[in-house]
Amino acid sequence: MQVVKHINDIRTILNDKRKEGLSIGFVPTMGALHNGHISLVELAGQQTGLVVVSIFVNPTQFNDKADLERYPRDLQKDVDLLTPTACQLVFAPEPDEIYPEPDTRQFNFGTLEQVMEGKFRPGHFNGVAQVVSSLFEIVQPDKAFFGQKDFQQLAIINEMVRKLNIPVEIISCPIIREADGLAMSSRNMLLSPVHRQNAVVISATLFEAINKTGGFTVQELCKWVITRINENEYLNTEYFEIVDSVTLQPVKSWDEPCSKVGCIAVHCGKIRLIDNMEFGVMKD
Ligand code: AMP
């Protein structure tokens, strides 16, 4: 496995590989890798001829400076974790390589970016679109793999690819969880032991809520989830919404003919965690 830091180098390598007839699979990450990331890499390995993983903590998508500073970084550990996987090439640029000058591009994703993460993290998805569009330009993948863990991000990326006519197929990959149900996240390693222990209440409450859709209205169930989680002294819910999986707008009734996803953001001490689960698939 090769680790490359410069755009020119990765371009040269990938041009040669393309000439050999290999299709390129791409997994963009911010490092601090875990088995959620590795599941994307393995899927990419099954579907494409050469897997590229980028490791880049993108400053433009952090609306909170403290969050950017404390974000875990350990390139050698990431490389060690990727070595036995399907990944053949790691692209790990420095910020100056991606942003030799400030990126002033403004994307507009309409109502998709005005809810949930977009509401609470202003500028976040613009930063995501800046970095992912730049990385797509550099890597020019045939397929790119994104986790459903970041459900709204996946919708934004699909919209960006559609709007800008970027010739890449976006593959949506399932959430990988810890044994106790907590969604895997690079931020989990920042939790103190007691916060880590209590963080499980987030996924446990969502699993419980899925079985309550019969007895509650959508609004009642949202309230129930928030109250239940906030009863825990280590947790503070920022939002929980049950939304249409395509438009991301809140659903008003279980009868609405759409697939529904419950999306949540919770502060666990200083660390902000997100998760989501399906709350009913569309009936024919
Ligand atoms: P990140 O490094 O957090 O930017 O994540 C890189 C990619 O890995 C994104 O597409 C995430 O959605 C995905 N990812 C992160 N955690 C998980 C998880 N627990 N299960 C599946 N995919 C994940």
Side-chain angles (χ1 to χ4, degrees), residues 25-47 51-64 67-68 70-75 77-79 81-82 85-87 90-93 95 98 116-117 121 124-125 127-136 139 141 143-161 168-191 196 199-200 202-203 206-207 245 261 263-266 271-278:
F26 181 40
V27 182
T29 82
M30 298 206 298
L33 302 180
H34 48 68
N35 282 338
H37 297 112
I38 301 302
S39 73
L40 271 53
V41 172
E42 298 301 358
L43 261 178
Q46 288 163 21
Q47 297 191 22
V51 179
V52 182
V53 173
S54 65
I55 296 179
F56 180 62
V57 182
N58 172 38
T60 72
Q61 73 187 67
F62 283 81
N63 57 313
D64 174 358
D67 187 26
L68 172 63
R70 76 163 83 92
Y71 201 85
R73 295 163 172 89
D74 189 339
L75 181 59
K77 204 167 153 199
D78 290 341
V79 168
L81 198 66
L82 286 171
T85 72
C87 172
V90 173
F91 180 49
I98 300 296
M116 302 190 291
E117 293 298 284
R121 300 186 70 188
H124 169 64
F125 288 123
V128 168
Q130 286 175 342
V131 75
V132 174
S133 60
S134 296
L135 291 169
F136 280 176
V139 176
K143 294 187 180 190
F145 298 77
F146 289 86
Q148 288 160 13
K149 158 86 175 12
D150 299 275
F151 193 81
Q152 191 172 7
Q153 170 174 279
L154 195 47
I156 295 275
I157 299 291
N158 274 316
E159 180 67 358
M160 179 184 81
V161 163
V168 61
E169 187 181 344
I170 303 299
I171 308 293
S172 158
C173 310
I175 301 178
I176 306 298
R177 297 180 178 280
E178 300 287 355
D180 64 1
L182 177 66
M184 287 191 183
S185 163
S186 303
R187 288 186 173 87
N188 291 354
M189 66 177 75
L190 301 173
L191 297 170
R196 169 63 188 85
V200 68
I202 303 166
S203 55
L206 295 186
F207 279 121
S245 68
V261 184
C263 298
I264 194 160
V266 178
I271 308 306
R272 185 176 180 279
L273 302 174
I274 59 170
D275 198 352
N276 67 80
M277 283 184 201
E278 221 168 59

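Start at 1 and go down the list; that is how both ligands and their atoms are numbered. Note: hydrogens, waters and symmetry copies are ignored here, and every other heavy atom, side chains too, is used.
Between A32, G147, A183, it is G147 that holds the heavy atom closest to atom 9 (C) of ligand 1.
Residues I171 and Q47 come closest through the heavy atom pair CD1-OE1, 3.7 Å. Between H37 and G31 the shortest heavy-atom distance is CE1-O, 3.8 Å. When all heavy atoms of T60 and G127 are compared, the pair lying nearest together is OG1-CA, 3.3 Å.
The backbone of P174, and not its side chain, has at least one atom closer than 4.0 Å to an atom of ligand 1 (non-hydrogen atoms only; backbone = N, CA, C, O). Residue-level proximity to ligand 1 for C173 is absent, since no heavy atom of it falls below 4.0 angstrom. Proximity of H37 to ligand 1, defined as any heavy-atom pair under 4.0 Å, is confined to the side chain (atoms from C-beta onward). With a 4.0 Å heavy-atom cut-off, ligand 1 is reached by the side chain of L40 but not by its N, CA, C or O.
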Exercise. Given the rule in the side chain to side chain contact (heavy atoms under 4.5 Å, CB included) test, do V53 and F26 qualify, once you have shown the distances and angles that lead to the verdict?
Worked result: CA-CA 6 Å; V53 173; F26 181 40; over 6 Å; no
For this session: Start with the C-alpha gap between Y71 and F62, add the side-chain angles, then the distance that decides, and say whether ring-ring contact (aromatic ring centres under 6.0 Å, His included) holds.
Result: CA-CA 10 Å; Y71 201 85; F62 283 81; 5.7 Å; yes
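If you run side-chain contact (heavy atoms from CB on, under 4.5 Å) between F125 and each of Q130, Q61, M160, Q153, only Q153 comes through.
Atoms of ligand 1 found under 4.0 Å from any heavy atom of F146, numbered from 1 in the order shown, are 10 (O). Ligand-side atoms of ligand 1 in range of I175: 20 (N), 21 (C), range being under 4.0 angstrom from any heavy atom. Close approach to M184 involves these atoms of ligand 1, each under 4.0 Å from a residue heavy atom: 16 (N), 17 (C), 18 (C), 19 (N).
Shown here are the salt bridge (charged side-chain N to carboxylate O under 4.0 Å, His left out) partners of D275, two or more places apart in sequence or in another chain: R177. Partners of D180 according to the side chain to side chain contact (heavy atoms under 4.5 Å, CB included) rule, which considers only residues two or more places apart in sequence or in another chain, are E178, L182, R196, V200.
Of all protein heavy atoms, the one closest to atom 4 (O) of ligand 1 is M30 CG, 3.6 Å. With respect to atom 23 (C) of ligand 1, the closest heavy atom belonging to the protein is K149 CB, 3.9 Å. The protein non-hydrogen atom at the shortest distance from atom 7 (C) of ligand 1 is P28 O, 3.7 Å. Among protein heavy atoms, atom 20 (N) of ligand 1 sits closest to I176 N, 2.9 Å. If you check which protein heavy atom lies closest to atom 12 (O) of ligand 1, you get D150 OD2, 2.6 Å.
Heavy atoms of H34 approach ligand 1 to within less than 4.0 angstrom.
Between R121 and D64, none of the side-chain N atoms (NZ, or NE/NH1/NH2) sits under 4.0 Å from a carboxylate O, so this pair counts as no salt bridge.
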